[in-house]
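Written below as structure tokens is the structure these notes are about.
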Amino acid sequence: MPANLVVGAQWGDEGKAKVIDYLSKDTDIIVRYQGGANAGHTVVVGGKKYIFHLVPSGIIYDNTTCVIGNGVVLDPEYFLKECADLETHGFRVKDKVLISDSCHILLPYHRLIDEAREAGSSPERKIGTTKKGIGMCYADKMLRNGVRAGDLLDKENLKRKLNHILEVKNQELVKYYDLEPVNPNEMYDFLLDFADKMGKNIINTVYYLNSELEKGKRVLLEGAQGTGLDIDFGTYPYVTSSNPTTGGALAGSGVSFRYLKDVIGITKAYATRVGEGPFPSEILGEAGDVLRKLGGEYGSTTGRPRRCGWFDVQMIKHAVTVNGINSLVLTKIDVLSHYETIPVVVGYEYKGKKLDFFPSQGLEDVKPLFAEYKGWKDDISGINSFAKLPPLCQSYIKSLQELVNTKIGIVSTGPDRDHTIIMD
Ligand code: GDP
Ligand code: IMO
Ligand code: MG
């Protein structure tokens, strides 16, 4: 059976979790493959809201197994807290989550360094991270100075490894960041405590996933962040420190590319981004505040106001290309009901010349070229059939589909599971 992939086509917060929740009813295993507690994935069921950070959003269904893949950076404190919160809401979590033995453990000092770097960055270098230590943990992974979940299963080896890692790390903490050194014994106890609580869930998920796929199980790969935040294909350096895109889904889960079937790209009917970095379709000033208010655009993880802009065709085409998206989901179209006319960025101009692609450099200098669409001015919240949408809304959706030259398979008209239109 196939593995399908849900990937963000913009700068995160596209409504991925709503779609993952919708698709999870026909799925056996849901896998997070990159990122960490920087993600904030909101699912609304029967008017109740749940926000996931590390636990895959498909946990709500009783029959699903959830996997934290090898590409994730797992913060034990956040993870245990999230599990406890979900369990108080009546969800089974700990017996349904598997943790890759190769995923890296995000330690408290990663967060401290992230905070120190953001505080010390000059305004033009500040990334506006979530301060969850994500980049610092991935840096240690690449430097081959990280702790992996599998290390927690061998106590003696863990002690040796930790002493070696902290010898290097403590110099960095003290000399470069003026922070307190870490006591190896305390860190050892902290990790053993996590191993006591979750050790049984730590397995070789690469073997597990591929053999379950071979047996016919249905797998859904859950992307965090989005294409614009990809370390390679996003607006570097204003990006996260992983690959949310299709290549990252394979590398971060170990699922063989032969199993991959649909790549489902999620995009809002407009655009948002949190943190610093170029945003060609951004709406500045009061007009931006209006859209933020209409869309409730405040970060699910940090509560920060999201910057708002219009749908950007060039960006979505970039996401389609990079990810191999074969079907798009258009979310939050209900938010646009307020507008008489709806601008869409249909192209870019750079130094007086038309640019046919989303550039990897100099995005801050492109001039967006707009087209305007007539708004429908009718409340469409919760409508779940295309035929019931106002004609102008139908034609807006069809126009976007033509502009990005990719099928829009699902349209979302509200946060709840039922507020969903499946297109023919
Ligand atoms: P994710 O990180 O991509 O999963 O997205 P977030 O959860 O951070 O942000 C999306 C927000 O939009 C959440 O509050 C969702 O409940 C909400 N949402 C999702 N789809 C729709 C929709 O079609 N209409 C409206 N009004 N809200 C939606
Ligand atoms: P979901 O999965 C939106 C942004 C941060 C910052 C940049 C780097 O909910 O879509 P990091 O803490 O990752 O080092 O920050 O990435 N960012 C997100 N923006 N949604 C997210 O996740 C994000 N995760 C990180 O705001 O600009
Ligand atoms: Mg989010």
Side-chain angles (χ1 to χ4, degrees), residues 6-22 32 34-45 47-54 56-57 73 75 106 110-111 113-115 117-118 126-139 222-231 234-242 244 265-279 294-307 329-337 379-384 410-421:
V6 167
V7 67
Q10 297 168 308
W11 284 282
D13 303 328
E14 299 90 347
K16 297 178 292 294
K18 155 157 183 178
V19 178
I20 287 154
D21 171 71
Y22 188 84
R32 268 288 301 273
Q34 47 69 237
N38 49 351
H41 292 179
T42 316
V43 173
V44 180
V45 189
K48 268 194 102 173
K49 190 176 190 174
Y50 306 97
I51 301 181
F52 300 90
H53 301 286
L54 271 162
S57 312
V73 287
D75 182 326
L106 190 146
H110 290 128
R111 267 187 261 130
I113 298 176
D114 195 357
E115 273 171 31
R117 284 175 66 101
E118 283 288 296
K126 194 168 146 39
I127 305 294
T129 72
T130 59
K131 298 186 186 156
K132 297 286 187 286
I134 305 298
M136 309 310 122
C137 187
Y138 279 116
E222 171 173 355
Q225 290 79 54
T227 308
L229 291 171
D230 187 281
I231 188 88
T235 48
Y236 190 89
Y238 302 101
V239 292
T240 193
S241 301
S242 66
I266 317 300
T267 170
K268 280 175 184 159
Y270 51 97
T272 60
R273 93 172 282 178
V274 202
E276 309 301 319
F279 186 2
L294 288 168
E297 296 296 354
Y298 297 88
S300 325
T301 295
T302 57
R304 288 179 292 175
R306 295 174 181 152
R307 297 158 64 192
V329 178
L330 191 68
T331 63
K332 302 194 90 159
I333 192 156
D334 51 302
V335 174
L336 297 183
S337 299
D379 184 11
I380 57 163
S381 310
I383 287 184
N384 55 13
I410 296 178
V411 175
S412 172
T413 58
D416 214 281
R417 241 178 225 174
D418 304 332
H419 304 160
T420 307
I421 299 172

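Ligands are counted one by one from 1 in listed order, and the atoms in each one are counted from 1 as well.
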Taking the non-hydrogen atoms of K332, is any one of them nearer than 4.0 angstrom to ligand 1? yes
shortest atom 26 (N) of ligand 1-to-protein heavy-atom contact is with D334 OD2, 2.7 Å
Atoms of ligand 1, numbered as shown, that sit under 4.0 Å from any heavy atom of A17: 4 (O)
Can a side-chain donor-acceptor contact be found between K18 and S412 if the only test is distance below 3.5 angstrom? yes
Between T413 and ligand 1, which residue portion shows a heavy-atom distance shorter than 4.0 Å: side chain, backbone, both, or neither? backbone
Does G15, backbone or side chain, put an N or O under 3.5 Å from an N or O of ligand 1? yes
Return yes or no for this condition: an N or O of I333 is under 3.5 Å from an N or O of ligand 1. no
Show the numbers, then the answer: is there a side-chain contact (heavy atoms from CB on, under 4.5 Å) between K131 and R111? CA-CA 6 Å; K131 298 186 186 156; R111 267 187 261 130; over 6 Å; no
Heavy-atom proximity to atom 6 (C) of ligand 2, best of G36, G128, A39: G128
Is the closest basic N to carboxylate O distance between R306 and D13 below 4.0 Å? yes
As a test of reading the structure, name the N/O/S atom of D13 that is nearest the Mg ion (ligand 3). OD1
Please could you name the atoms of ligand 1 that G414 approaches to less than 4.0 Å, counting only its heavy atoms? 20 (N), 21 (C), 22 (C), 23 (O), 24 (N), 25 (C)
For ligand 2, note which part of K16 has a heavy atom under 4.0 Å away: side chain, backbone, both or neither. side chain
Nearest to atom 21 (C) of ligand 2 by heavy atom, D13, T240, V73: which? D13
Logged contact type for S300 with ligand 1, heavy-atom cut-off 4.0 Å, is side chain
Enumerated ligand 1 atoms positioned under 4.0 Å from heavy atoms of R306: 8 (O), 9 (O)
Before signing off on this row, confirm whether K49 and ligand 1 have an N or O atom pair separated by under 3.5 Å. no
Contact partition for Y238 relative to ligand 2, non-hydrogen atoms under 4.0 Å: neither
Pick one of side chain, backbone, both or neither for how T301 approaches ligand 2, counting any non-hydrogen atom pair under 4.0 Å. neither
For atom 7 (O) of ligand 1, the closest protein heavy atom turns out to be T42 OG1, 2.6 Å
Per atom 18 (C) of ligand 2, closest listed option by heavy atom (V274, I51, I127, L229): L229
Has K16 got a side-chain atom pairing as donor or acceptor with Q225's backbone, closer than 3.5 angstrom? yes
Starting from atom 26 (O) of ligand 2, what is the nearest protein heavy atom, named by residue and atom, and what distance separates them? R304 NH2, 2.8 Å
Tell me yes or no: between the side chains of D114 and T129, is some donor less than 3.5 Å from an acceptor? yes
Could you tell me whether the side chain of R273 and the main chain of P278 form a donor-acceptor pair under 3.5 Å? yes
Which of the atoms in ligand 1, numbered in the order shown and given with their element, are less than 4.0 Å from a heavy-atom of K18? 20 (N)
For S412, the ligand 1 atoms whose distance to one of its heavy atoms is below 4.0 Å: 20 (N), 21 (C), 22 (C), 23 (O)
Looking at H41, which atoms of ligand 1 are within less than 4.0 Å of one of its heavy atoms? 1 (P), 2 (O), 4 (O), 7 (O)
Could you confirm whether G40 has any N/O/S atom lying under 2.8 Å from the Mg ion (ligand 3)? yes
Quick one: does T331 get an N or O within less than 3.5 Å of an N or O on ligand 1? no
